[in-house]
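Worksheet: the structure to be examined is printed underneath.
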2 protein chains.
Amino acid sequence: MRPGVAPVTAAERSDAARNRERLLRAARELIEEGGVAGLTMDRLAEYAGVGKGTVFRRFGSRAGLMVTLLNDSETDFQSRFMFGPPPLGPGAPGLERLIACGIGRIQYVLAFGDLVLAAEMASRGRFEVPAAALWNRHIEMLLRQEGYAPEPGLMAGSLAATLDPERLLNLVRVHGVAPERLMASWQDLVTRVVRGA
Amino acid sequence: MRPGVAPVTAAERSDAARNRERLLRAARELIEEGGVAGLTMDRLAEYAGVGKGTVFRRFGSRAGLMVTLLNDSETDFQSRFMFGPPPLGPGAPGLERLIACGIGRIQYVLAFGDLVLAAEMASRGRFEVPAAALWNRHIEMLLRQEGYAPEPGLMAGSLAATLDPERLLNLVRVHGVAPERLMASWQDLVTRVVRGA
DNA sequence: ATATTAAACGGACCGTGGTCCGTTTACTCT
DNA sequence: AGAGTAAACGGACCACGGTCCGTTTAATAT
């Protein structure tokens, strides 16, 4: 290896970079005109003028592609509740942050709907996805901060399960439940869980 | 229509009945030797000596087949908490029944694992399945009985989401969490939700 | 017994996500 | 510039769940 900036990972080959660009562009266009359900891996490959193998080499799976597509908004969302202003970010009491981050999550899920859904069914269950793990840890941390003692990890998981995208979308889209009611119910839930100890 | 016992639905044709029998038997055998994952619709059809179309005519989908396979135990489970002895059945206070039925559900899910999982992904989401609806109603009823006022329907859904089979199985099988801890966490959750009002 | 008919049947067919492997191509080293 | 190499490429291929539709068959009416 010659002197200079040592790349953390091997530099991406130029053709690979070009194709990744093309694929993401193509994916967004296909979704725009046919919805997430209309995006199949075959179509994407053809539309982007690329072999099917290339698509899977890049993203691993359909879910992986969806994760990549969501990456920007996901990162943005995460940094909002980790470094942003209260009540979402640090500075507010735990309970308030808990309430705020549930509400934020509900808004996020409703905004990106099917994309989140499709991204969730990644390989090996939807629980090993890094974003989900981070989310759990965050809730756990807030629970601890509020003095919740018995098994904060498990309770965090339970609370997170409550915000399962498929459930939220089903309630809103199929049963016509207003998002505000979901947020109120979340607030009630976490308040009761945290209250007194 | 000639006199006699009027069949509620048109009587099942003899060949249909025979094939249903054969298919269920074959399905159980295939699962026994290859697990739920090893049961594909093609294999089932071939193994039962029946056309593929017949399989789908009977059960509608793979999930439908799983539901049928679970039917007995499911019915049994349901009648236990609807008509059985306390604390699961009627007669005990709402909170105790809530705790007991969560524990029962956890045991049920852990016992039938992949079968429940496969049965869940029925058409149009896993929330319209009759069994799920009944389950929600039951929890809602118990919440009401304990005097939980704000949106018992939504809260019941949240609590039910907490017992999502995929989550439970993931915790136990991948992370090695002991079932007792899950039950304790459930007990803590519902107790806090119901407590005071 | 025979005719009629609605239901059940079977398996070819389709679209999907995902894999495999022989071929091509962008970099690097001399 | 030329050779060598690891990576990227592409598309044929696979298994799966699910559909379609021409054919067979069990039940009934005559």
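Naming: A, B, ... by sequence-line order, numbering from 1 per chain.
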Practice task
Start with the C-alpha distance between A:Ser158 and B:Arg167, add both sets of side-chain angles, then the distance that settles side chain to side chain donor-acceptor pair (under 3.5 Å), and finish with yes or no.
Solution key: CA-CA 9 Å; A:Ser158 293; B:Arg167 186 178 99 89; 2.9 Å; yes
Exercise for the section: Output yes when at least one side-chain N/O atom of B:Asn19 is less than 4.0 Å from OP1 or OP2 of C:dC9, else no. Expected result: yes
Problem - Whole-Å gap separating P (C:dG18) and CG (A:Leu65) - result: 10 Å
Practice task
Figure out the CG/C1' separation between A:Leu44 and D:dC9, and round it to whole Å.
Solution key: 15 Å
Fill in the blank from the handout: B/S/- along nucleotides 19-25 of chain D (protein heavy atoms under 4.0 Å) is B-----B
Practice task
Scan B:Arg20 against the nucleic acid and name what it touches under 4.0 Å (heavy atoms): base, sugar-phosphate only, or nothing.
Solution key: nothing
Handout entry: Separation of C:dG18 P from A:Arg62 CZ (nearest whole Å)
Key = 9 Å
Handout entry: Side-chain H-bond candidate by donor/acceptor type, B:Thr68 with B:Arg58, under 3.5 Å
Key = no
Exercise for the section: Can you tell me the distance, in whole Å, between the CZ atom of B:Phe59 and the P atom of C:dC9? Expected result: 11 Å
Problem - D:dA27 phosphate, OP1 or OP2, under 4.0 Å from B:Ser14 side-chain N/O - result: yes
Fill in the blank from the handout: Between CZ of B:Arg43 and P of D:dG17 the distance, given in whole Å, is 9 Å
Practice task
Can you tell me the distance, in whole Å, between the CG atom of A:Leu30 and the P atom of C:dT16?
Solution key: 12 Å
Distance-only donor-acceptor hits, side chain of residues 31-39 of chain A, under 3.5 Å, sequence neighbours excluded:
none

Practice task
For B:Met41 and D:dA15, give me the distance from atom CE to atom C1', rounded to whole Å.
Solution key: 14 Å
Could you give the side-chain donor-acceptor pairs of residues 99-117 of chain B under 3.5 Å, partners two or more places apart or in another chain?
| unit_1 | atom_1 | unit_2 | atom_2 | d |
| --- | --- | --- | --- | --- |
| B:Tyr108 | OH | B:Glu74 | OE1 | 3.1 |
| B:Asp114 | OD2 | B:Arg173 | NH2 | 2.9 |

Problem - Between C1' of D:dG18 and CG of B:Asp42, the distance in whole Å - result: 10 Å
Exercise for the section: Could I get the full list of side-chain contact (heavy atoms from CB on, under 4.5 Å) partners for A:Asn71, not counting sequence neighbours? Expected result: A:Thr75
Practice task
For D:dA8, take OP1 and OP2 only and decide whether either is under 4.0 Å from a side-chain N or O of A:Thr54.
Solution key: no
Fill in the blank from the handout: Applied to residues 80-98 of chain A, the side chain to side chain donor-acceptor pair (under 3.5 Å) test, sequence neighbours excluded, yields none
Exercise for the section: Establish, with yes or no, whether the OP1 or OP2 oxygen of D:dA8 is under 4.0 angstrom from a side-chain nitrogen or oxygen of A:Arg18. Expected result: no
Name every donor-acceptor pair, under 3.5 Å, that has one atom in a side chain of residues 132-140 of chain A and the other anywhere in the protein, sequence neighbours excluded.
| unit_1 | atom_1 | unit_2 | atom_2 | d |
| --- | --- | --- | --- | --- |
| A:Glu140 | OE2 | A:Arg144 | NH1 | 2.5 |

